Amino acid sequence: RVRVRFVVHVLVLLVVHLGPVLFTPTCAENQAQLYFDINSDARTAVFWGNAITKHGHACLELEKDGQRLIIDPGFYTEPMGDAQNVVAIVITHQHDDHCYAEQVQSIRASNPDVKIFGPGEVRTKLADHPVTAVHHGDWHEVGSFTLEFFGDLHQEIHRSIPIIQNTGVMVDDRLYY
C-alpha cells in the first residue's frame, strides 16, 4: 500500500509539474494512461477513467460520474466561478497560492451545497465559509469521491517563515495530492 501511494504521488507530481506528456505506468493491480492535450490551455488528463484538469499553479479539478472535486483553488488559479457540479473543495493549507477566499466564494456561488475541507487554520482563514477541519487519518465520502487525509505540518520554507498546518489528501485510494 505504501509503494502504491508513492507511485501515485510520483504520478501526481508528473501531472502537476511536467506539462504536456504521454505517460503509461503499469503495476500489478492497475494500468493508468495519462494524456495531456498539447493544444489545450488547461491541462487535462485521464486517470483511471476520471478526468483531471490542472488550473494553474497548484489547483487540480477531478471529475468523476459527472461530479467535480477541486483541490487548492488559490490566487494564481484562473477564475473558477463557472465550475458546475462541484461536490467538494479540498484546501491543503492557508497560503494564498492554495487558499484564496475569492475563488472559494465564486465556486460556492455556483455550487451552494459544496463541502469544503482543510486544516484548522484554513477554517479560521475562511471563517465566512462552512469548512470542515480535517486531521491526519480523517476519512470522508463526498458524492462519488472518498477523501483520506494525511500529515499535519507544512515543510519549512525559510526559518523566518512560521510553519503552518498542512494536509495531504488521497482521493479514491488512488490519487495522492
Side-chain angles (χ1 to χ4, degrees), residues 8-9 11-21 32-119 121-134 138-150 166-177:
V8 171
H9 182 71
L11 291 175
V12 170
L13 290 175
L14 288 170
V15 169
V16 172
H17 294 291
L18 288 186
V21 297
Q33 287 190 329
L34 302 180
Y35 175 73
F36 293 90
D37 180 357
I38 294 172
N39 298 320
S40 173
D41 289 335
R43 299 176 191 156
T44 300
V46 176
F47 190 70
W48 278 296
N50 303 317
I52 302 174
T53 304
K54 183 174 187 283
H55 291 284
H57 190 59
C59 183
L60 290 183
E61 174 185 338
L62 287 70
E63 183 177 353
K64 177 181 169 188
D65 300 330
Q67 299 178 334
R68 289 182 166 81
L69 164 69
I70 297 176
I71 303 174
D72 283 354
F75 180 79
Y76 298 115
T77 303
E78 63 264 14
M80 302 285 298
D82 292 337
Q84 298 294 315
N85 301 318
V86 179
V87 295
I89 301 170
V90 172
I91 300 175
T92 60
H93 61 283
Q94 69 176 351
H95 290 156
D96 285 341
D97 59 331
H98 293 255
C99 175
Y100 190 55
E102 290 180 24
Q103 287 280 28
V104 173
Q105 181 58 42
S106 68
I107 295 166
R108 284 192 66 217
S110 300
N111 304 275
D113 296 327
V114 67
K115 306 292 185 209
I116 306 170
F117 300 92
E121 291 173 347
V122 167
R123 185 176 178 182
T124 300
K125 180 176 181 175
L126 299 177
D128 294 338
H129 303 282
V131 177
T132 299
V134 294
D138 285 356
W139 187 92
H140 294 271
E141 187 171 346
V142 185
S144 58
F145 296 98
T146 59
L147 309 172
E148 187 176 3
F149 294 92
F150 296 91
N166 190 84
T167 190
V169 62
M170 176 70 80
V171 180
D172 293 336
D173 206 28
R174 290 187 170 174
L175 185 137
Y176 183 77
Y177 180 98

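Quick note: residue numbers are just sequence positions, from 1. For clarity, every value in this text was computed on a predicted model and none was experimentally measured.
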Name each donor-acceptor pair under 3.5 Å that joins a side chain in residues 84-92 to protein atoms two or more places apart or in another chain, with its distance.
residue, atom, partner, partner atom, Å
Thr92, OG1, Asp72, OD1, 3.2
Thr92, OG1, Asp72, OD2, 2.7

Among residues at least two apart in sequence or on other chains, which ones pass ring pair (Phe, Tyr, Trp, His ring centres under 6.0 Å) with His95? His93, His154
For Glu121, the salt bridge (charged side-chain N to carboxylate O under 4.0 Å, His left out) test, sequence neighbours excluded, returns none
Hey, are the side chains of Ile70 and His55 touching, using non-hydrogen atoms and a 4.5 Å cut-off? no
Student check: side-chain heavy atoms of Val142 and Leu69 closer than 4.5 Å: no
Applying ring pair (Phe, Tyr, Trp, His ring centres under 6.0 Å), can you list everything that pairs with Phe145, at least two apart in sequence or on another chain? none
Just so I know, are the side chains of Leu60 and Tyr177 near enough to count as touching, which here means a heavy-atom distance under 4.5 Å? yes
Is any side-chain heavy atom of Phe117 less than 4.5 Å from a side-chain heavy atom of Val169? no
Partner set under salt bridge (charged side-chain N to carboxylate O under 4.0 Å, His left out) for Asp96, not counting sequence neighbours: Lys125
Using side-chain heavy atoms (C-beta onward) and a distance below 4.5 Å, is Arg68 in contact with Asn111? no
Are any of the side-chain heavy atoms of Val171 and Ile71 separated by less than 4.5 Å? yes
Under the 3.5 angstrom rule, does the side chain of Gln105 hit a backbone N or O of Tyr100 as a donor-acceptor pair? no
For Lys115, all residues meeting salt bridge (charged side-chain N to carboxylate O under 4.0 Å, His left out), sequence neighbours excluded: none
